[in-house]
Amino acid sequence: QVAVAESGGDSVQAGGSLRLSCVVSRFSFCRYDMRWYRQRPGGERQFVSRFIAPTTTTYADSVKGRFIISEDMAKNTIYLQMNNLNPEDTAMYLCYCRGGNWGQGTQVTISS
């Protein structure tokens with residue numbers, strides 16, 4: 001299986017920005033199809049964004065216009081640039097590799 005590891009989560013005030021990273025052991029194992037999800041404590045896992053090589057991206061309505069997903073093939077990494085954060089963005093952010101491989105998540109906390 002491919003290893004998936006997220007990083008970059010932090011606690012910031014509303015209006016701030018963060019960039020999350022997700023490193024996979026071998027990007028090709030994911031068929032070049034990567035996704036970000038988020039989950040609040042006790043809540044459902046919610047789709048955030050998807051990247052399909054070479055340039056196809058999709059976003060949940062709640063983050064469209066504020067978040068940008070991108071990738072660096074050479075580094076086996078995808079990113080989630082999050083701008084204009086608000087308290088509703090507070091969640092554990094999880095990276096998904098096509099085929100059923102999940103990372104453990106990175107916590108994002110936004111205060112008002």
Side-chain angles (χ1 to χ4, degrees):
Q1 292 187 323
V2 62
V4 181
E6 306 94 334
S7 63
D10 205 349
S11 297
V12 299
Q13 292 185 323
S17 298
L18 287 171
R19 188 177 76 159
L20 307 183
S21 299
C22 173
V23 180
V24 300
S25 55
R26 296 184 66 176
F27 195 71
S28 61
F29 286 172
C30 310
R31 308 300 176 95
Y32 308 100
D33 181 348
M34 301 291 296
R35 305 157 201 179
W36 286 98
Y37 290 77
R38 65 188 182 186
Q39 186 170 22
R40 290 176 169 271
E44 66 181 14
R45 189 167 295 174
Q46 179 185 63
F47 170 79
V48 175
S49 186
R50 182 182 187 182
F51 177 90
I52 305 172
T55 58
T56 302
T57 60
T58 57
Y59 300 91
D61 288 343
S62 59
V63 306
K64 190 175 182 65
R66 298 188 297 121
F67 291 10
I68 301 171
I69 190 169
S70 61
E71 56 79 29
D72 187 329
M73 293 289 292
K75 296 180 179 179
N76 293 302
T77 302
I78 64 165
Y79 304 95
L80 186 68
Q81 178 67 45
M82 305 186 295
N83 301 313
N84 193 25
L85 290 161
N86 62 66
E88 296 302 312
D89 297 317
T90 295
M92 180 72 72
Y93 282 73
L94 298 151
C95 184
Y96 175 78
C97 167
R98 181 182 177 182
N101 300 107
W102 295 87
Q104 293 300 304
T106 186
Q107 180 66 40
V108 171
T109 302
I110 312 301
S111 60
S112 59

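Only heavy atoms go into these numbers, but all of them, side chains included; no hydrogens, no water, no symmetry mates. The structure displayed is predicted, hence computed values, not measured ones.
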Between [X] and [Y], is any pair of side-chain heavy atoms under 4.5 Å apart?
X	Y	value
Gln107	Thr90	yes
Phe67	Val48	yes
Gln104	Met92	no
Met82	Leu20	yes

More than 12 heavy atoms from other groups under 6.0 Å of CZ on Arg45: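 Check passes, neighbour count above 12.
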Side chain to side chain donor-acceptor pair (under 3.5 Å) partners for [X], two or more places apart:
X	value
Arg66	Asp89
Asp10	none
Gln46	Arg38
Thr58	none

What are the two closest heavy atoms between [X] and [Y], and how far apart are they?
X	Y	value
Ser49	Leu80	CB-CD1, 4.2 Å
Ser21	Thr77	CB-CG2, 4.3 Å
Ser111	Pro87	C-CG, 4.4 Å
Met34	Cys95	CE-SG, 3.5 Å
Asn83	Ser17	OD1-OG, 3.1 Å
Gly8	Thr106	N-OG1, 3.8 Å

Residues forming a ring-ring contact (aromatic ring centres under 6.0 Å, His included) with Tyr37, sequence neighbours excluded: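 Expected list: Phe47, Trp102.
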ring-ring contact (aromatic ring centres under 6.0 Å, His included) involving Tyr59 - partner list, sequence neighbours excluded: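 Tyr59 satisfies ring-ring contact (aromatic ring centres under 6.0 Å, His included) with no other residue.
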Pairs satisfying salt bridge (charged side-chain N to carboxylate O under 4.0 Å, His left out), at least one member in residues 67-80, at least two apart: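 Sorted result for residues 67-80: empty, none.
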Residue pairs, two or more places apart or on separate chains, that pass salt bridge (charged side-chain N to carboxylate O under 4.0 Å, His left out) and touch residues 48-64: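 Checked against salt bridge (charged side-chain N to carboxylate O under 4.0 Å, His left out) - neighbours excluded - the pairs reaching residues 48-64 are Asp33-Arg50.
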Under the side chain to side chain contact (heavy atoms under 4.5 Å, CB included) test, residues paired with [X] that sit two or more places apart:
X	answer
Ser11	Thr109
Asn76	Val24, Phe27
Ser28	Arg26, Tyr32

Is there a continuous path of hydrophobic side-chain contacts, each under 4.5 Å between heavy atoms, that joins [X] to [Y]?
X	Y	answer
Tyr93	Phe51	yes
Ile110	Ile68	yes
Val4	Ile69	yes
Val108	Tyr96	no
Val12	Trp36	yes

Transitive ILVMFWY cluster of Tyr79, excluding itself - 4.5 Å side-chain cut-off: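 Members alongside Tyr79: none; it stands by itself.
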Backbone N/O of Arg19 and side chain of Gln81: donor-acceptor pair under 3.5 Å: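 Not confirmed, Gln81 side chain does not pair with Arg19 backbone.
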